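In this text, all values refer to a predicted model and were calculated from it rather than measured experimentally. All heavy atoms count here, side chains included; hydrogens, waters and symmetry mates do not.
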Amino acid sequence: MNPFLSSLSGKLAERWVATLVLPGALFVAAAVCAVRLGHRSAFDLVSVTGWIVREAPRVPVAATAVFVLAGATATAMAAQAVGSLAEAVWTRPWRGPAAWLARGLVAVRGRLFDRAAARAGVDPVAAYRPRHPAWIGERFRLLNARIAGQYHGLDLGLVWPRLWLLVPETVRTPVQAAESQFRSATRLVGWGVLYLGLGIYWYPAVLAGIGTIAVGWSRARSTTATLTTLIEGTVDTHLDTIVTALGHTMPAAGFTGDLARRVNDRLAKGD
C-alpha cells in the first residue's frame with residue numbers, strides 16, 4: 001500500500017505543478033512586466049531584468065518562493081473558475097437577457113442548417129435542428145437526440161451514469177481522456193480571459209489572451225466531437241449490458257419502444 005500511495009502522491013504532485021504552478025508562475029511574471037512596464041515601455045524587458053537583479057538580494061528567497069507559489073495558485077484557481085463559466089455558457093441554456101441573443105443565434109444556425117440540408121438534398125429530422133446557440137452545447141444536445149431517436153426515446157441522462165458503472169476499464173479510459181482534454185481546453189480559455197484583463201495595463205497581454213482563447217476554443221470543439229462520439233459509441237456497443245443488468249432481455253428484433261419505456265421508468269423510479 002505504501003508504494004501505491006507514494007506513486008499516487010507523486011502523480012498528483014506532477015499534475016499540480018503542470019496545471020497550476022507553471023501556468024500560474026508564467027502569469028505572475030507577466031503581471032510583474034505589466035506593473036513595471038505598462039503600455040509605453042511594453043517590450044523593455046531589459047529594465048525588468050535589471051530591476052529583478054537589484055531587488056533580489058533584498059528579499060528572502062523563502063518569501064519570494066511563497067509569493068510566487070501563492071500567486072500562481074490563486075491565478076490558476078481563477079483561470080479554472082473562468083473556464084467553468086465558459087463551459088456553462090457553451091453547454092447550458094442561456095437565461096435572462098442572454099435568452100434574446102440565444103434566440104437570434106439559434107435562428108441563424110437554423111437557416112444555415114436548412115441551407116446545408118437543401119444542398120445535400122435531404123429532409124432533416126426535426127429533432128436534429130439546432131436549438132442551442134453554442135456549437136459545443138448543440139453537439140451535446142444532439143448526442144441526446146441521436147440516442148433517443150435511435151433507441152425509441154431512451155433517456156441518455158438516465159442511462160449513462162448506470163452504464164458507466166458497468167463498462168470495463170478499457171472502455172472508460174478513452175472517454176476519461178477525452179473529458180480531461182475538454183476540461184484542459186476550458187481552463188485554457190480561462191487563462192486567456194485573465195491575460196485579456198492584464199492587457200488593460202500591458203497591451204502585449206491582449207495578444208497572448210486572444211491567442212490562448214483561440215487555441216482553447218479550437219481544442220474544446222475538437223475534444224467535444226471526440227467525447228460525444230465516444231459516449232455514443234459506448235451506448236451503441238454496450239446497451240445490452242445495462243438491459244441485462246436491469247433484468248430485461250434484449251429482444252431478437254433489437255431494442256424496442258416498449259423496452260425503452262420500461263428502462264426509462266425503472267431508472268427514473270417511475271417519475
Original post:
For Phe113 and Pro124, which heavy atoms make the closest approach, and how far apart are they?
Top reply: CE2-CB, 3.4 Å

Original post:
Is there any salt bridge (Lys or Arg N to Asp or Glu O under 4.0 Å) pair reaching into residues 128-156, and which pairs are they, with sequence neighbours excluded?
Top reply: Asp114-Arg129, Glu138-Arg141, Arg146-Glu232

Original post:
So if you build clusters from Ile, Leu, Val, Met, Phe, Trp, Tyr with side-chain heavy-atom gaps below 4.5 Å, do Val66 and Leu69 land together?
Top reply: no

What pairs of donor and acceptor atoms, side-chain ones from residues 244-255 against any protein atom, are under 3.5 angstrom apart with sequence neighbours left out?
from	atom 1	to	atom 2	distance (Å)
Thr244	OG1	Asp240	O	2.9

Subject >> Hydrophobic cluster of Val122, others only, ordered by chain and residue number, side-chain cut-off 4.5 Å >> reply: none

Original post:
Which atoms form the tightest heavy-atom contact between Ala145 and Ala127, and what is the distance?
Top reply: CB-O, 3.9 Å

**OP:** Side-chain contact test, heavy atoms from C-beta onward, threshold under 4.5 Å: evaluate it for Val167 versus Thr241 and give yes or no.
**Re:** no

**OP:** Start with the C-alpha distance between Val175 and Thr234, add both sets of side-chain angles, then the distance that settles side-chain contact (heavy atoms from CB on, under 4.5 Å), and finish with yes or no.
**Re:** CA-CA 9 Å; Val175 178; Thr234 302; 4.2 Å; yes

Original post:
Is there any salt bridge (Lys or Arg N to Asp or Glu O under 4.0 Å) pair reaching into residues 163-177, and which pairs are they, with sequence neighbours excluded?
Top reply: none

**OP:** Please examine the side chains of Val106 and His132, heavy atoms only from C-beta on, and report whether any two atoms are closer than 4.5 Å.
**Re:** no

**OP:** With sequence neighbours left out, write down each residue that passes ring-ring contact (aromatic ring centres under 6.0 Å, His included) with Trp160, or none if nothing qualifies.
**Re:** Trp164

**OP:** Not counting sequence neighbours, list each pair that qualifies as a salt bridge (Lys or Arg N to Asp or Glu O under 4.0 Å) and has a residue in residues 72-101.
**Re:** Glu87-Arg183

Subject >> Evaluation steps, side-chain contact (heavy atoms from CB on, under 4.5 Å), between Ile231 and Ile147 >> reply: CA-CA 10 Å; Ile231 292 175; Ile147 294 297; over 6 Å; no

Original post:
If Ile, Leu, Val, Met, Phe, Trp and Tyr residues are connected whenever their side-chain heavy atoms lie under 4.5 Å apart, and connections chain through other members, are Leu230 and Leu154 in the same group?
Top reply: yes

Original post:
Are Val159 and Leu142 in one and the same hydrophobic cluster, where Ile, Leu, Val, Met, Phe, Trp and Tyr link if side-chain heavy atoms are under 4.5 Å apart?
Top reply: no

Original post:
Is the backbone N or O of Ala220 less than 3.5 Å from a side-chain atom of Thr223, with the two atoms forming a donor-acceptor pair by type?
Top reply: yes

Subject >> Partners passing ring-ring contact (aromatic ring centres under 6.0 Å, His included) against Phe182 (at least two apart in sequence or in another chain) >> reply: none

Original post:
Quick one: are Arg262 and Asp265 in side-chain contact, heavy atoms under 4.5 Å?
Top reply: no

Original post:
Going from CG on Leu196 to CH2 on Trp191, what distance comes out if it is rounded to the nearest 0.5 angstrom?
Top reply: 13.5 Å

**OP:** Measure the spacing between CD1 of Ile210 and CD1 of Ile213 and express it to the nearest 0.5 Å.
**Re:** 7.5 Å

Subject >> Shared-cluster residues of Leu165, by chain and number - hydrophobic side chains joined below 4.5 Å >> reply: none

Subject >> pair His238-Leu166: side-chain heavy atoms closer than 4.5 Å >> reply: no

**OP:** Would you mind listing every ring-ring contact (aromatic ring centres under 6.0 Å, His included) that reaches into residues 204-231, with sequence neighbours excluded?
**Re:** Trp90-Trp217

Subject >> Pair listing, salt bridge (Lys or Arg N to Asp or Glu O under 4.0 Å) test, anchored in residues 200-225, at least two apart >> reply: none

Original post:
Under 3.5 Å, side chain of Thr173 to main-chain N/O of Thr170, donor-acceptor pair present?
Top reply: no

Original post:
When rounded to the nearest 0.5 angstrom, what is the spacing between CG in Leu267 and NZ in Lys269?
Top reply: 6.0 Å

**OP:** Check Thr226 against Ala178 and note the closest heavy-atom contact, atom names and distance.
**Re:** CG2-CB, 4.2 Å

**OP:** Check the hydrophobic clustering (I, L, V, M, F, W, Y; side-chain heavy atoms under 4.5 Å; chains of links allowed) and say if Leu143 and Leu158 are grouped together.
**Re:** yes

Original post:
Tell me, do Trp94 and Leu105 make a side-chain contact under 4.5 Å, heavy atoms counted?
Top reply: yes

Subject >> Trace of the side-chain contact (heavy atoms from CB on, under 4.5 Å) decision for Thr212 with Leu188 >> reply: CA-CA 7 Å; Thr212 303; Leu188 193 59; 3.6 Å; yes

Subject >> Tyr151 and Val235, any side-chain heavy atoms less than 4.5 Å apart >> reply: yes

Original post:
How about Leu198 and Phe27: do any of their side-chain heavy atoms sit closer than 4.5 Å?
Top reply: yes

Subject >> Rounded distance (nearest 0.5 Å) linking atom OG1 of Thr224 with atom CD1 of Ile136 >> reply: 4.0 Å

**OP:** For Ala86 and Val189, work out which heavy atoms get closest and say how close.
**Re:** CB-CG1, 4.2 Å

Subject >> Flag if over 12 foreign heavy atoms under 6.0 Å of CG, Asp258 >> reply: yes

Subject >> Remaining members of hydrophobic cluster (4.5 Å side-chain criterion), Trp100 >> reply: none

Original post:
Hydrophobic clusters join Ile, Leu, Val, Met, Phe, Trp and Tyr when side-chain heavy atoms are under 4.5 Å apart, directly or via other members; which others share one with Tyr201?
Top reply: Ile200

**OP:** Report yes if the side chains of Arg103 and Pro133 come closer than 4.5 Å at any heavy-atom pair, otherwise no.
**Re:** no

Original post:
Is there a side-chain contact (heavy atoms from CB on, under 4.5 Å) between Val35 and Val32 once you walk through the steps?
Top reply: CA-CA 5 Å; Val35 172; Val32 171; 5.9 Å; no

